[in-house]
Amino acid sequence: MKLAYQQAAAEDYEAINQKLEKKDSLEVLKWAYQAYGDDIVYACSFGAEGMVLIDMIYKVKKEAAIVFLDTDFHFKETYELIDQVKQRYPSLRIELTKPGLTPAEQAEAHGSELWKVNPDLCCKIRKLIPLEQELNKYTAWMSGLRREQSSTRANTQFVNQDQRFQSIKICPLIHWTEEEIWMYINLHQLPYNSLHDRNYPSIGCEYCTKPVQKGEDPRSGRWANTNKTECGLHQQG
Ligand code: SF4
């Protein structure tokens, strides 16, 4: 059964999720690509979960569409990893999508350090609007969210009605623990961002990501010293 955002009701999501309840991530992926074919895109941030999901996607759909929100502010290690992934999975259609404003244009319009004075606006310009434009091309999208990552992600289902982007959001990794992610990466010798070995468990833009000390919340290095915890891609409403 294929859901489309405009037609589906809450009961339809419930029914699909009940059907998928006992399935593993690979089976959820198979369902997703069977239902949506080329009409689904994986929005990948190239974190540890992304490496697992890309490896699994490649097993199911060799020419899958993957999009990376290239804010122009990522670490050089992230761009190096993307090159490695492209070499390892050559048939995947990996695209880097850019914001409407270059860093210089943004500085001219909003000041030179918008991420400090108004990170929500900066994320809106450099992530939310580009993702919205990208998702308009597809019926559904995929994310590597895991339930244990944060309280805001604890109720994520395999298949979610995404009100923010008026889309269907599929999250095949909801049940995975961080330990299982790393076991998979090591077992399959997958490439990963070398910053993970330097106390960066969650990696975003260079300006907004700090290393995290042992025992701290893995996401506490994102927008450290602010109330911001999410860039807005995974908020509902
Ligand atoms: S994470 Fe920081 S630098 Fe990146 S888009 Fe958001 S506010 Fe701007």
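Start at 1 and go down the list; that is how both ligands and their atoms are numbered. If you read the sequence from its start, that first residue is 1, and numbering goes on from there.
- Both the sub-6.0 Å distance and the 45° axial angle are not jointly satisfied by Lys30 relative to the ring of Tyr33.
- Of the heavy atoms in Cys208, only side-chain atoms (C-beta onward) come closer than 4.0 Å to ligand 1.
- Sorted by first and then second residue, the salt bridge (Lys or Arg N to Asp or Glu O under 4.0 Å) pairs involving residues 74-103 (not counting sequence neighbours) are Asp38-Arg93, Asp70-Lys98, Asp72-Lys98, Glu77-Arg198.
- The ring pair (Phe, Tyr, Trp, His ring centres under 6.0 Å) search around His188 returns Tyr184, not counting sequence neighbours.
- Taking every non-hydrogen atom of Phe73 and a distance limit under 4.0 Å, the qualifying atoms of ligand 1 come out as 3 (S).
- Checking Cys122 against atom 4 (Fe) of ligand 1, every N/O/S atom stays at or beyond the 2.8 Å cut-off.
- Of all the atoms in ligand 1, the ones that sit under 4.0 Å from a non-hydrogen atom of Lys127 are 1 (S).
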**Trace of the ring pair (Phe, Tyr, Trp, His ring centres under 6.0 Å) decision for His74 with Phe46** = CA-CA 11 Å; His74 288 283; Phe46 288 83; 9.4 Å; no
